[in-house]
Amino acid sequence: MIRFLHFTSVLTLVSTLCLTGCGESGASTADGLAVIPVEQGLGRERRVSLSDFAARAVEYVVLDDAPEALVGEVYMLVLSGTGFYVAEKNYGAANSAVKYFDCSGRFVSTRGGIGHGPNEYVGVSYLAVDEESERVFVGGTGVIAYDRNNRRTARNDSIRSAQMAYRNGELLVFHYPSGEAEGDGSRVLFTRYSADDLTPRGEIRGADKGRVAVEVGFQVLCDRGNGLSFKEELSDTICRLSGDSVRPACRLEMGRYRFPAEKMTFEAMNEWPDYYRLVDLLAGERYLFLSLQNGLMGDRTLLVYDKSDGACYIPKGDDGWQGLFVDGVRFTPRSLRRNRLVGELDLLDLLDRKERITDPALRAVAAGVTERSNLVVAMLPLKE
């Protein structure tokens, strides 16, 4: 039963964990690792605006509204060197082809398509991008690689994982479920594949997961563009990958909200609301944005952790609603690359508050938006 629940949580995971370090101020563990005070943060609220986190002005892009370009509910939104890759969601998995837009929001093409042909995939569980060559790797039932001209360059149907990242000519695929420890106490963490033909190149191994504390039963992986970090199943330790070496970076202090592995059964369902589990974490040089889900199927709460002073809190807008807002318009963060936070604005909020927006750039965007408009993307260069 527990294994089934682990697999479900991996499939419903939206995006990723990405950081270079976890903390500079605040508490640390006995072994010197910084601690992110999640339990404390869930009890605090702070009124903030999206612009409070920005090093420069927030950039807005309205995506092309041609019929073939329209985006439904977002599953993944990933920034590349020249534009955006978008996958849509349906009950936790994408149900349409990956769409590519240039930096101005113009729809360029899909990458592959939904189906069972040699250039198609039946669904999308994860995306990885090679920014230099603009290759995109679409993971689902296997992995397919496409170049900037939408030509299939490689396919490997044997790859099974919900998380992967491009790094230095290789595709690193997070091993799921984690391999059992061998005699030396190590196990497989990642399988390395050539980005050119998706043939296996070897493995990256780590210490037995029994040596770290239990936190929650699923895995998180993120390539932030200039670093790769991850958190394993049944661990509260965030680790960083440097070369082929794995090192702990920081730990999450869940306190009384820690979800015990033995409670991840349907027999304990009435106790699920007592706990939280981390389902997404995006991090820049200074700020970390944590998404925590109540129980296994409950509501999500967004936390902000500020490395500069160790503060952890639930952000809220001027109207008292929890979350990130700019001029009262809700912003949903999706990914982070090179210290730029990327997400979309709520179209209904934008229409409702059109006459009350004070930010000139956002006001100009709102003036041209209608109920039939496509996704409005916001890019936020974060403070360091």
Side-chain angles (χ1 to χ4, degrees), residues 15-16 18 63-64 68-69 71 74-88 93-104 106-176 188-204 221-228 230 241 243-244 334-335 337-338 342:
S15 177
T16 50
C18 37
L63 300 187
D64 194 342
E68 66 274 17
V71 176
V74 176
Y75 177 62
M76 291 192 74
L77 170 59
V78 180
L79 181 66
S80 75
T82 60
F84 312 93
Y85 291 94
V86 185
E88 298 170 61
N95 70 334
S96 66
V98 175
K99 296 179 175 68
Y100 172 67
F101 300 82
D102 67 18
C103 288
S104 70
R106 181 181 66 89
F107 176 66
V108 178
S109 68
T110 60
R111 289 294 185 263
I114 297 295
H116 297 275
N119 298 321
E120 298 173 329
Y121 37 86
V122 296
V124 180
S125 63
Y126 216 76
L127 300 177
V129 178
D130 171 8
E131 290 184 84
E132 185 174 343
S133 69
E134 282 297 332
R135 282 182 295 187
V136 62
F137 303 86
V138 180
T141 52
V143 174
I144 305 179
Y146 301 94
D147 65 15
R148 65 172 70 243
N149 297 313
N150 195 27
R151 293 177 300 206
R152 188 195 74 180
T153 60
R155 179 169 187 151
N156 186 332
D157 290 335
S158 68
I159 299 176
R160 294 289 187 269
S161 179
Q163 292 95 7
M164 59 188 182
Y166 173 83
R167 188 189 70 163
N168 301 327
E170 293 184 331
L171 189 68
L172 300 185
V173 177
F174 209 168
H175 199 279
Y176 183 84
V188 177
L189 288 175
F190 297 92
T191 303
R192 300 162 50 210
Y193 294 87
S194 165
D196 293 328
D197 57 14
L198 294 179
T199 56
R201 282 186 171 179
E203 300 169 341
I204 297 176
L221 170 69
C222 176
D223 173 13
R224 69 185 302 275
N226 55 3
L228 182 64
F230 63 93
L241 183 64
D244 285 353
R334 296 293 182 183
S335 60
R337 301 217 25 119
R338 304 189 184 280
V342 182

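Every value quoted in this text rests on a predicted model; they were computed, and no experiment measured them.
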Evaluate the ring planes of Tyr146 and Tyr121, with Trp represented by its six-membered ring, and classify them as parallel (under 30°), tilted (30 to 60°) or perpendicular (over 60°).
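Perpendicular.
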Could you please spell out the steps behind the side-chain hydrogen bond (donor to acceptor under 3.5 Å, both in side chains) verdict for Ser133 and Arg135?
CA-CA 6 Å; Ser133 69; Arg135 282 182 295 187; 3.2 Å; yes
Distance-minimising heavy-atom pair for [X] and [Y]:
X      : Y      : result
Gly83  : Cys103 : N-SG, 3.6 Å
Ser125 : Tyr75  : O-OH, 2.9 Å
Ala128 : Ala165 : CB-CA, 4.1 Å
Asp196 : Ala154 : O-CB, 3.6 Å

Euclidean distance, [Y] [atom2] relative to [X] [atom1], rounded to 0.5 Å:
X      : Y      : atom1 : atom2 : value
Ile159 : Thr141 : CD1   : OG1   : 11.5 Å
Arg155 : Phe137 : CZ    : CZ    : 15.0 Å
Ile204 : Leu189 : CD1   : CG    : 8.0 Å
Ile144 : Asp157 : CD1   : CG    : 7.0 Å

Donor-acceptor pair, distance only, cut-off 3.5 Å: does the side chain of [X] make one with the backbone of [Y]?
X      : Y      : result
Gln163 : Tyr126 : no
Ser194 : Thr199 : no
Arg152 : Pro118 : yes
Arg111 : Ala145 : no
Asn156 : Leu198 : yes
Asp147 : Glu134 : no
Asn119 : Gly113 : no

Side-chain heavy atoms of [X] within contact of [Y], under 4.5 Å:
X      : Y      : value
Phe101 : Val71  : yes
Val342 : Arg337 : no
Lys99  : Leu63  : no
Val138 : Leu127 : yes
Val136 : Val78  : no
Leu79  : Phe84  : yes

Is it the case that more than 12 heavy atoms not belonging to Glu132 sit under 6.0 Å from its CD atom?
no
What do the steps show when you test Met76 against Tyr85 for side chain to side chain contact (heavy atoms under 4.5 Å, CB included), and what is the final call?
CA-CA 8 Å; Met76 291 192 74; Tyr85 291 94; over 6 Å; no
Checking Glu170 now: which residues fulfil salt bridge (charged side-chain N to carboxylate O under 4.0 Å, His left out) with it, not counting sequence neighbours?
Arg192, Arg201
Is the Phe174-Phe190 ring centre distance short of 6.0 angstrom?
yes
The test is salt bridge (charged side-chain N to carboxylate O under 4.0 Å, His left out); show your working for Asp102 and Arg148 and say whether it passes.
CA-CA 11 Å; Asp102 67 18; Arg148 65 172 70 243; over 6 Å; no
